[in-house]
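Small disclaimer: the values here were computed from a predicted structure and weren't measured.
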Amino acid sequence: MSGAAASGTGLTGAGGDGEADGPASGPTASDGTEPGGSASGGSASNGAAPGGDPGGTEHLSVRREGATLVLTLNRPAAKNALSLPMLVGLYDGWLAADEDEEIRSIVLTGAGGAFCAGMDLKALAGRGMEGERYRDRLTADPDLHWKAMLRHHRPRKPVIAAVEGACVAGGTEILQGTDIRVAAESATFGLFEVRRGLFPIGGSTVRLQRQIPRTHALEMLLTGRPYTAREAAAVGLVGQVVPDGEALAKALEIAELVNACGPLAVEAVKASVYATAGMTESDGLAAELERGWPIFATADAKEGARAFAEKRPPVYKRA
């Protein structure tokens, strides 16, 4: 499919078919907002309300594991190719996690042995029954798809990716918006857009070279070839490789380590890392002091020191 994909959304591009080797990574950008910009959603249609109910959609499952919110891309018949119901559920999940002070981390994974095979623009356009009820959400907020894909939105809580199977095109693009990444042994990665005469507009020409060495970023971007999990780990795209079927368990294990830490400290550290990434060293160090010093004055900081002295687990209250 080419041409306008949905009225009022600014979406154009070639249609994906949900196959792991070919869907486009995403529609053309609606603006150049940087991550961490406006996070306001449009008015709800018949789907989940923005920032409210994290109950998910037919293509995005949500569940809680203690203090972790688990978001599962749930369209296995299409290798979890991104659809409008999935994107609406994702964005609502990011907002709900940040608004729920009991949630301390987020895990993103996929159902049916795949992570995400990229963008399905036919489904994204809301053409067909599965997307129709969400069309108003995209019309009300034409930037919703980019926020869902973490291009124009950065959750306050840490996001851990658990990758099994295909994580290609738009899957690799959304992966770059996560903070910690675990891959199963047989997981595959890649940015296939140039092989289809397309552009990886989900942020990869900007983000990838900041996350892995430029020579590896350019090889991935310009060849469009698939990468194994071991190759992805070797260049730094993922942090750990585990046996097949164990990525989610490992991600939840990491989430529990995060959850045991002081939430104010964790969120401030994450914010500092991203805020200072483009600064000079002197500016970054100054910004770090500005963000970090207030943490030492919190009740949680005092509780951490007291718990250490008393040889017991700390009880943090986000205060």
*Asks:* What is the distance from atom CG of L71 to atom OH of Y91, rounded to the nearest 0.5 Å?
*Replies:* 14.0 Å
*Asks:* Quick test of your reading of the model: are R151 and D143 salt-bridged, counting only N-O distances below 4.0 Å?
*Replies:* no
*Asks:* Would you compute the distance between atom CG of L73 and atom SG of C116 and round it to the nearest 0.5 angstrom?
*Replies:* 6.0 Å
*Asks:* Under a single-linkage rule joining Ile, Leu, Val, Met, Phe, Trp and Tyr whose side-chain heavy atoms are separated by less than 4.5 Å, which residues share a cluster with L222?
*Replies:* L218
*Asks:* Check step by step if side chain to side chain contact (heavy atoms under 4.5 Å, CB included) holds for E58 and Y134.
*Replies:* CA-CA 11 Å; E58 59 266 40; Y134 301 98; 2.7 Å; yes
*Asks:* Any idea which heavy atoms bring T276 and G284 closest together, and the distance?
*Replies:* CG2-O, 3.6 Å
*Asks:* Please determine whether residues V269 and V258 belong to a single hydrophobic cluster, defined as Ile, Leu, Val, Met, Phe, Trp and Tyr linked transitively by side-chain heavy-atom distances below 4.5 Å.
*Replies:* no
*Asks:* Answer whether the closest heavy-atom distance between the side chains of D92 and R137 falls below 4.5 Å.
*Replies:* yes
*Asks:* Using 0.5 Å steps for rounding, measure from the CZ atom of R75 to the OG atom of S61.
*Replies:* 13.5 Å
*Asks:* Of all residues at least two apart in sequence or in a different chain, which pass the salt bridge (charged side-chain N to carboxylate O under 4.0 Å, His left out) check with E246?
*Replies:* none
*Asks:* Run the side-chain hydrogen bond (donor to acceptor under 3.5 Å, both in side chains) test against T280 and tell me which residues pass, sequence neighbours left out.
*Replies:* S282, D283
*Asks:* Any heavy-atom pair between the side chains of E219 and Y227 that's under 4.5 Å?
*Replies:* yes
*Asks:* Is there any side-chain hydrogen bond (donor to acceptor under 3.5 Å, both in side chains) pair reaching into residues 286-296, and which pairs are they, with sequence neighbours excluded?
*Replies:* none
*Asks:* Output the rest of the hydrophobic cluster of I180: all Ile, Leu, Val, Met, Phe, Trp and Tyr residues reachable through side-chain heavy-atom contacts under 4.5 Å, sorted by chain and number.
*Replies:* V70, V107, I160, V182, V242, L248, L252, I254
*Asks:* Specify the closest pair of heavy atoms between C167 and F115, including all atoms of both residues, with the distance to one decimal.
*Replies:* SG-CD2, 3.4 Å
*Asks:* In this structure, would L150 and I103 fall into the same cluster of hydrophobic residues linked by side-chain contacts under 4.5 Å?
*Replies:* yes
*Asks:* Considering all heavy atoms of both residues, which atom of E185 and which atom of A229 are nearest to each other, and what is their separation?
*Replies:* O-CB, 3.6 Å
*Asks:* Is it true that L208 and F189 fall in one hydrophobic cluster, defined by side-chain heavy atoms closer than 4.5 Å?
*Replies:* yes
*Asks:* Do the side chains of E99 and R156 get close enough for a salt bridge, i.e. N-O under 4.0 angstrom?
*Replies:* no
*Asks:* Assess whether a salt bridge exists between D100 and R64, defined as any Lys/Arg side-chain N lying under 4.0 Å from an Asp/Glu carboxylate O.
*Replies:* yes
*Asks:* With no hydrogens and no angle check, is any side-chain donor or acceptor of T72 less than 3.5 Å from a backbone partner on A111?
*Replies:* no
*Asks:* Between S272 and A268, is there a donor-acceptor pair closer than 3.5 Å when you use the side chain of the first and the backbone of the second?
*Replies:* no
*Asks:* Return yes if some donor-acceptor pair links the side-chain N/O of R181 with the main-chain N/O of L237 below 3.5 Å, else return no.
*Replies:* yes
*Asks:* Is any side-chain heavy atom of W94 less than 4.5 Å from a side-chain heavy atom of K147?
*Replies:* no
*Asks:* When you compare the side chain of I106 with that of P158, does any pair of heavy atoms fall below 4.5 Å?
*Replies:* no
*Asks:* Find out whether V62 and L69 are in side-chain contact, i.e. whether some heavy atom of one side chain is under 4.5 Å from a heavy atom of the other.
*Replies:* yes
*Asks:* With sequence neighbours left out, what residues match T68 under side-chain hydrogen bond (donor to acceptor under 3.5 Å, both in side chains)?
*Replies:* S105, N259
*Asks:* Quick one: does V168's side chain get under 4.5 Å of P226's, heavy atoms only?
*Replies:* no
*Asks:* Are the charged groups of D300 and R318 less than 4.0 angstrom apart, N to O?
*Replies:* no
*Asks:* Can you see which heavy atom on P314 is nearest to which on G304, and at what distance?
*Replies:* CB-CA, 4.4 Å
*Asks:* Looking at residues at least two apart in the chain, or sitting in another chain, which of them share a salt bridge (charged side-chain N to carboxylate O under 4.0 Å, His left out) with E65?
*Replies:* R63
*Asks:* So, S204 side chain and E173 main chain: donor-acceptor pair closer than 3.5 Å or not?
*Replies:* no
*Asks:* Go through the structure and list residues passing salt bridge (charged side-chain N to carboxylate O under 4.0 Å, His left out) with R214, not counting sequence neighbours.
*Replies:* none
*Asks:* According to side chain to side chain contact (heavy atoms under 4.5 Å, CB included), who are the partners of E281, at least two apart in sequence or on a separate chain?
*Replies:* L285
*Asks:* How long is the gap from CE on M220 to CZ on F192, to the nearest 0.5 Å?
*Replies:* 9.5 Å
*Asks:* How long is the gap from CG on L221 to OG1 on T172, to the nearest 0.5 Å?
*Replies:* 10.0 Å
*Asks:* Within the side chain of D179, is there an N or O that forms a donor-acceptor pair under 3.5 Å with the backbone of V159?
*Replies:* yes
*Asks:* Side chain of T298, backbone of A301: donor and acceptor closer than 3.5 Å?
*Replies:* yes
*Asks:* Could I get the full list of salt bridge (charged side-chain N to carboxylate O under 4.0 Å, His left out) partners for E231, not counting sequence neighbours?
*Replies:* R225
*Asks:* Is there a donor-acceptor pair closer than 3.5 Å between any side-chain N or O of K270 and the backbone N or O of P155?
*Replies:* yes
*Asks:* A side-chain contact here means heavy atoms from C-beta on lying under 4.5 Å apart; do L87 and S83 qualify?
*Replies:* no
*Asks:* Could you report the tightest heavy-atom contact between L175 and A161, atom names first, then the distance?
*Replies:* CD1-CB, 3.6 Å
*Asks:* Do NZ/NE/NH1/NH2 and the carboxylate oxygens of E303 and R312 come within less than 4.0 Å?
*Replies:* yes
*Asks:* Using the side-chain hydrogen bond (donor to acceptor under 3.5 Å, both in side chains) criterion, which residues pair with S186? Sequence neighbours excluded.
*Replies:* D244
*Asks:* With a 4.5 Å limit on heavy-atom distance, are the side chains of Q176 and R210 in contact?
*Replies:* no
*Asks:* Using the test side-chain hydrogen bond (donor to acceptor under 3.5 Å, both in side chains), find all partners of R104 that sit at least two apart in sequence or belong to another chain.
*Replies:* none
*Asks:* Starting from L82, can I reach L95 by hopping between I/L/V/M/F/W/Y residues whose side chains sit under 4.5 Å apart?
*Replies:* yes
*Asks:* Heavy atoms only: give me the nearest A184-G245 pair and the separation to one decimal.
*Replies:* CB-N, 4.4 Å
*Asks:* With a 3.5 Å distance limit and no angle check, can you tell me whether N80 reaches the backbone of A117 through a side-chain donor-acceptor pair?
*Replies:* no
*Asks:* Between CE of M119 and CD1 of I174, what distance do you get to the nearest 0.5 Å?
*Replies:* 8.5 Å
